[in-house]
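Note on naming: letters A, B, ... go to the chains in the order of the sequence lines (proteins, then strands), and numbering restarts at 1 for each one.
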Protein chains: 2
Amino acid sequence: MAETARRPEHRYGNRPTMKDVAARAGVGLKTVSRVVNGEAGVTPDTERRVQEAIESLGFRRNDSARVLRKGRTASVGLVLEDLADPFYGPLSRAVEEVARAHGALLINGSSAEDPEREQELALALCARRVDGLIVIPAGQDHRYLEPEMKAGVATVFVDRPAGRIDADAVLSDSFGGSRAGVAHLIAHGHRRIGFIGDQPRIHTATERLRGYRAAMEEARLDVEDSWVSLGPTDPERVREAVTAMLSGPEPVTALFAGNNRVTVTAVRALAGREHPVALVGFDDIELADLLGITVIAQDAAALGRTAAERLFRRLDGVEEPPAQVVLKTTLIPRGSGEIPPPPSA
Amino acid sequence: MAETARRPEHRYGNRPTMKDVAARAGVGLKTVSRVVNGEAGVTPDTERRVQEAIESLGFRRNDSARVLRKGRTASVGLVLEDLADPFYGPLSRAVEEVARAHGALLINGSSAEDPEREQELALALCARRVDGLIVIPAGQDHRYLEPEMKAGVATVFVDRPAGRIDADAVLSDSFGGSRAGVAHLIAHGHRRIGFIGDQPRIHTATERLRGYRAAMEEARLDVEDSWVSLGPTDPERVREAVTAMLSGPEPVTALFAGNNRVTVTAVRALAGREHPVALVGFDDIELADLLGITVIAQDAAALGRTAAERLFRRLDGVEEPPAQVVLKTTLIPRGSGEIPPPPSA
DNA sequence: CTGAAAGCGCTAACAA
DNA sequence: TTGTTAGCGCTTTCAG
């Protein structure tokens, strides 16, 4: 039986190794390594022989082995909430671009807003020895990452801060953005404004609610309990919240939507109504311009880029205390936020 | 100097290994391995001692080493065009879910519609020894993957077929979908219909154009050269194409948009016009329902899921000849496609 | 039930 | 310029 055929089945579908190439080219193992990695110190003639052997054998360097030896994987992990959410696509892409510029690959996974799954994913990535980790937290306690960070896994949190540990974070100004949005509605004459947001355990949800309350308070407006609804962002729940706030003797005249999922459903829910209801949403949405939806825009790509750049700066050995970077948001008036309250109100 | 401190710097930020755990627990290396992997044959007492050592040292198994030994990486690669495109988000997420169900992680990268970058990425993933590869081709020649596939990297193409090699592919019915869309416009009275699509080297672009031509021919309608425009899908180019087709003595009365990027720009370009122009777009878009945009919907998530399932079936050792799976598309009438031509036409 | 030894494919260090 | 040796941290094999 031939040498090659005797190899154990588990060997990556029996791919040739540097040893095989060396044998074929009649050179030493290290010479093959030199050629493969473009190191100096190989005669053109030797190099050619090695190259031929590589071609004919279909050799490709096994990076698993390389990684084991070098101690760096040239890959970063990204744990986000849902790759299918239009907010995370551009963010993810931006991280990828930065990673690529640094010669690293991106491994990413969705937590589906489940803290356990977030942890499972993040730790799996650590076990793979990613050089760095970018996390959009689903959970509120990240002490589980402390040993990993101490052991050298650079970690940056995005969109939401880490819970119970001190770590880098890149955030949008949820509080300020939402305060500005609500102030905008107030400036257009509204007094009864509803807030529909994500689950209260999500940092951005409570921050945006805080912004809402701040704007109301600054205008000396009381907030009734029935005007605030936090919870999952599935269409049913949001639709019910909208309906509830618009019913009764004293309905709200305007709505502030806490994120893109809420905005989309709110727009649909409001579409069929007799009297127009003012709306401002957090996050920009594709085609919102055509629908005239006023939004507080945040730059998802900038969020990802900033976080990734910070990560690679850490990987390059820059030592600074952990810091939070907060990116500004922009109010984009497009019509829905400028609808005045009905005269009767 | 202590043992630990003497370790070379490159060792993953000096993380403890099984050897360290073994020393600490006063057991053999293999016993640690058994505990870590939940293998049978360890006394509860020994197990407890090992667990304690693991905790106190903050040990986490190094999967790089494991992979090297086992020959399987439990990861799959996904090469797509642009993670930021709303079409690829759900596709990517679907692949991820299937991978997760099989205990695998997802490494993904964007080719930015550049064939060289596609190849570079795909081969980098092969070097990492991903168990399988899912590729949304940017290029038209995938012979470069042949050695990898022969060497055992299961590969499935999605959205577009592989070029010049025989391989599995999961596609949407671009031809049929676009033929149905154009036939729909014809049924609503249009005779002069424009087609704006992606670059001609992209398979789906030409297939959709073919569907357009087929529908026109079936209705015995001639197609003027100026009614067809293929090219990059950036807003400027598309906007110019729209303007051109709607100018002159005999403008088109309806447009068929070849993909979601084109549709979005076309809708914007048509928004300001005096006379409404009929429009059908390939791909559904968020909020298209509210804007009344008639589309040929394809199921991006199903595309990803189907491809990933096929991939894992191959990884499980199922041997079948490569096949193409074509998923049906759905015409969703919402108004824009049902606008009749102006009486003058 | 437990552990020692070999080796996965590569790179670093050192010889020749 | 080239080759040899010794690991990287783990799993496999096989012997206690």
Can you confirm whether the side chains of A:R24 and A:S56 place a donor and an acceptor under 3.5 Å from each other?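 There is such a pair between these side chains.
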Length of the [atom1]-[atom2] vector between [X] and [N], whole Å:
{"X": "A:K30", "N": "D:dG3", "atom1": "NZ", "atom2": "P", "value": "12 Å"}
{"X": "B:K70", "N": "C:dG7", "atom1": "NZ", "atom2": "C1'", "value": "16 Å"}
{"X": "B:R60", "N": "D:dC10", "atom1": "CZ", "atom2": "C1'", "value": "16 Å"}
{"X": "A:R66", "N": "D:dC8", "atom1": "CZ", "atom2": "C1'", "value": "14 Å"}
{"X": "B:K19", "N": "C:dT2", "atom1": "NZ", "atom2": "C1'", "value": "18 Å"}
{"X": "B:M18", "N": "D:dT11", "atom1": "CE", "atom2": "C1'", "value": "8 Å"}
{"X": "A:R69", "N": "D:dA6", "atom1": "CZ", "atom2": "C1'", "value": "8 Å"}
{"X": "B:L29", "N": "C:dG3", "atom1": "CG", "atom2": "P", "value": "10 Å"}

Q. At under 4.0 Å between heavy atoms, what does B:N37 touch on the DNA or RNA strands: base, sugar-phosphate, or nothing?
A.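 Contact class for B:N37: sugar-phosphate only.
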- Task: Check every strand shown and say whether A:R61 touches a base, only sugar-phosphate, or nothing at a heavy-atom separation below 4.0 Å.
- Result: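 Contact class for A:R61: sugar-phosphate only.
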Backbone N/O of B:H203 and side chain of B:R160: donor-acceptor pair under 3.5 Å: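 No; zero donor-acceptor contacts below 3.5 Å.
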* Would you say A:N62's side chain and A:S64's backbone share a donor-acceptor pair under 3.5 angstrom? ->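 Judged by distance alone, yes, a pair lies under 3.5 Å.
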Among A:N108, A:D82, A:L83, find the one that has a side chain to side chain contact (heavy atoms under 4.5 Å, CB included) with B:E96.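 For B:E96, the side chain to side chain contact (heavy atoms under 4.5 Å, CB included) test succeeds with only one of A:N108, A:D82, A:L83, which is A:L83.
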Phosphate OP1/OP2 of C:dG3 contacted by B:T31 side-chain N/O (<4.0 Å)
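Yes, such a contact exists.
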Q: Output yes when at least one side-chain N/O atom of A:S33 is less than 4.0 Å from OP1 or OP2 of C:dC10, else no.
A: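 No, A:S33 has no side-chain N/O under 4.0 Å of OP1/OP2 on C:dC10.
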Quick one, A:T73 with A:D131, criterion side-chain hydrogen bond (donor to acceptor under 3.5 Å, both in side chains). Give me CA distance, side-chain angles, the key distance, then yes/no.
CA-CA 6 Å; A:T73 55; A:D131 298 332; 3.3 Å; yes
Over 60° means perpendicular and under 30° means parallel, so tell me whether A:F157 and A:H142 are parallel, tilted or perpendicular.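 A:F157 and A:H142: perpendicular rings.
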Problem set entry | Closest to the B:A65 side chain, choosing from C:dT11, C:dG3, D:dC10 |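 Looking only at side-chain atoms, B:A65 lies closest to D:dC10.
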* To do: Could you list by number each residue of residues 43-58 of chain A showing a heavy-atom separation from DNA chain D of less than 4.0 Å, or answer none if no residue does?
  =>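 DNA chain D contact set from residues 43-58 of chain A: A:T43, A:T46.
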Taking CD in A:E116 as the centre, count heavy atoms belonging to other residues, nucleotides or ligands within less than 6.0 Å. Is the count above 12?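 No, CD of A:E116 has 12 or fewer neighbouring heavy atoms, counting only those of other groups under 6.0 Å.
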